[in-house]
Chemist: 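Before I ask anything, here is the structure I am working with.
Treat the numbers as computed from the prediction; the structure is a model and nothing was measured. Scope of the values below: all heavy atoms of this structure, side chains included, with no hydrogens, waters or symmetry mates. Lettering of chains follows the sequences in order, A, B, ..., and the numbering in each one begins at 1.
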There are 2 protein chains.
Amino acid sequence: MGRRGPYICGIDAGMDVVAGKWKSLILWELNNYGTRRFGELRRGLPGVSEKMLVQQLREMEEDGLVHREIYREVPPRVEYSLTPDGTSLNEALGALGTWGQQRVERLAAEGILVEVSPTA
Amino acid sequence: MGRRGPYICGIDAGMDVVAGKWKSLILWELNNYGTRRFGELRRGLPGVSEKMLVQQLREMEEDGLVHREIYREVPPRVEYSLTPDGTSLNEALGALGTWGQQRVERLAAEGILVEVSPTA
DNA sequence: TGCGGTACTCACCTGGAGGTAAGTATGGGC
DNA sequence: GCCCATACTTACCTCCAGGTGAGTACCGCA
């Protein structure tokens with residue numbers, strides 16, 4: 001979870017909530033699909049361990065970014081989606097995504113960057 | 001320094017370069033003042049150690065975000081400033097800053113957040 | 001009977017980010 | 001002669017984010 005302040009500025013507070021190896025990617029994934037099951041998220045994020053996925057999702061839930069809907073069925077079904085706060089955070093990260101994309105292209109053009117994952 | 005890919009998406013690449021406890025704040029500081037000496041940055045970032053400041057500045061220089069100008073004087077003078085890439089990164093983080101600011105205000109209104117640094 | 005799939009929890013371990021404190025060369029002011 | 005300020009470097013240590021692998025409860029299917 002976030003430190004919950006005191007923060008030096010808004011960027012500080014924003015970064016605090018997105019810090020965590022998978023959080024920005026979870027945001028991106030949930031924003032693209034609207035609603036995703038735990039297993040779908042796991043398969044969509046190459047390299048995540050189950051432990052980390054649960055952990056990051058729980059923290060994001062506590063931070064009010066994602067909504068968790070449990071369906072009491074067998075086998076169990078749990079669906080994750082973005083809250084309004086999560087959606088707006090994702091929008092706020094849009095510019096950073098564009099910047100990163102351009103950087104990747106620039107580095108690739110200079111032959112510095114080896115490759116980009118096909119998902120990009 | 002950044003991993004230099006492969007990245008999953010642009011946000012992934014962008015986050016990679018801003019990851020580091022002080023980088024977004026250095027960006028902010030340099031953008032506000034245009035040019036800052038090492039000591040000014042240290043005093044402007046409450047809590048940084050000299051080691052960390054140097055380290056993060058060096059990484060940002062390698063990543064092409066900041067420019068380092070050395071004046072061979074005694075006592076030594078070194079001035080840091082943002083490169084065009086650094087400036088555009090800072091702009092890309094603007095939306096995140098606004099989001100964070102609003103979040104802080106929302107949490108404060110709910111009495112969850114204790115306080116905000118006066119620099120905010 | 002036992003294996004696979006669901007969404008987890010738990011215990012353990014490691015690497016590296018980040019912190020602490022000291023050392024360095026130089027000259028100016030007292 | 002000594003201390004201060006500049007911008008660092010170096011060695012050492014701690015802590016925790018993140019990874020690994022196993023275990024859990026339930027059911028369907030073969």
Chemist: May I ask you to verify if any side-chain N or O of B:R36 is less than 4.0 angstrom from the OP1 or OP2 atom of D:dA7?
Modeler: no
Chemist: Ignoring backbone atoms, test whether B:R77 places a side-chain nitrogen or oxygen under 4.0 Å from the OP1 or OP2 oxygen of D:dC8.
Modeler: no
Chemist: Would you say the side chain of A:V48 lies within less than 4.5 Å of the side chain of A:L41, judging by non-hydrogen atoms?
Modeler: no
Chemist: Are any non-hydrogen side-chain atoms of B:K23 and B:V17 less than 4.5 angstrom apart?
Modeler: no
Chemist: Look up atom CG in B:L45 and atom CD1 in A:I8, then write down how far apart they are to the nearest 0.5 Å.
Modeler: 6.5 Å
Chemist: Specify the separation, in whole Å, of atom CE of B:M15 and atom P of D:dA17.
Modeler: 15 Å
Chemist: What integer distance in Å separates A:L53:CG from D:dA17:C1'?
Modeler: 15 Å
Chemist: Where does the chain A footprint on DNA chain C start and end, counting 5' to 3' with a 4.0 Å heavy-atom cut-off?
Modeler: C:dG5 to C:dA11
Chemist: Do A:E69 and A:R77 meet the salt-bridge criterion of a basic N to acidic O distance under 4.0 Å?
Modeler: no
Chemist: Is the phosphate of D:dA17, meaning OP1 or OP2, less than 4.0 Å from a side-chain N or O of A:Q56?
Modeler: no
Chemist: What is the distance, to the nearest angstrom, from the CD atom on B:E61 to the C1' atom on D:dA7?
Modeler: 14 Å
Chemist: Keeping B:T83 on the side-chain end and B:L65 on the backbone end, is there a donor-acceptor pair under 3.5 Å?
Modeler: yes
Chemist: Please report, rounded to the nearest Å, how far the P atom of D:dA7 is from the CD1 atom of B:I70.
Modeler: 12 Å
Chemist: Within the side chain of B:E40, is there an N or O that forms a donor-acceptor pair under 3.5 Å with the backbone of B:R37?
Modeler: yes
Chemist: Select base, sugar-phosphate, or nothing to describe what A:Y71 touches, counting heavy atoms under 4.0 Å on all strands.
Modeler: nothing
Chemist: Here's a test of your reading of the structure: between B:R42 and A:Q55, which maps to the more 5' nucleotide of DNA chain D?
Modeler: B:R42
Chemist: Taking everything shown except A:W28 itself, do over 12 heavy atoms lie less than 6.0 Å from its CH2?
Modeler: no
Chemist: Report which part of the nucleic acid A:R68 touches: base, sugar-phosphate, or nothing (heavy-atom distance under 4.0 Å, all strands).
Modeler: sugar-phosphate
Chemist: Any non-hydrogen side-chain atom of B:L96 less than 4.5 Å from a side-chain atom of A:V18?
Modeler: yes
Chemist: Between D:dT6, D:dG18, D:dA7, spot the one nearest the side chain of A:K21, thanks.
Modeler: D:dG18
Chemist: Is A:R36 paired with A:E29 through a side-chain N to carboxylate O contact shorter than 4.0 Å?
Modeler: yes
Chemist: Can you give one letter per nucleotide of nucleotides 20-30 of chain D, going 5' to 3': B for a protein heavy atom under 4.0 Å from the base, S for sugar-phosphate only, - for none?
Modeler: B------S---
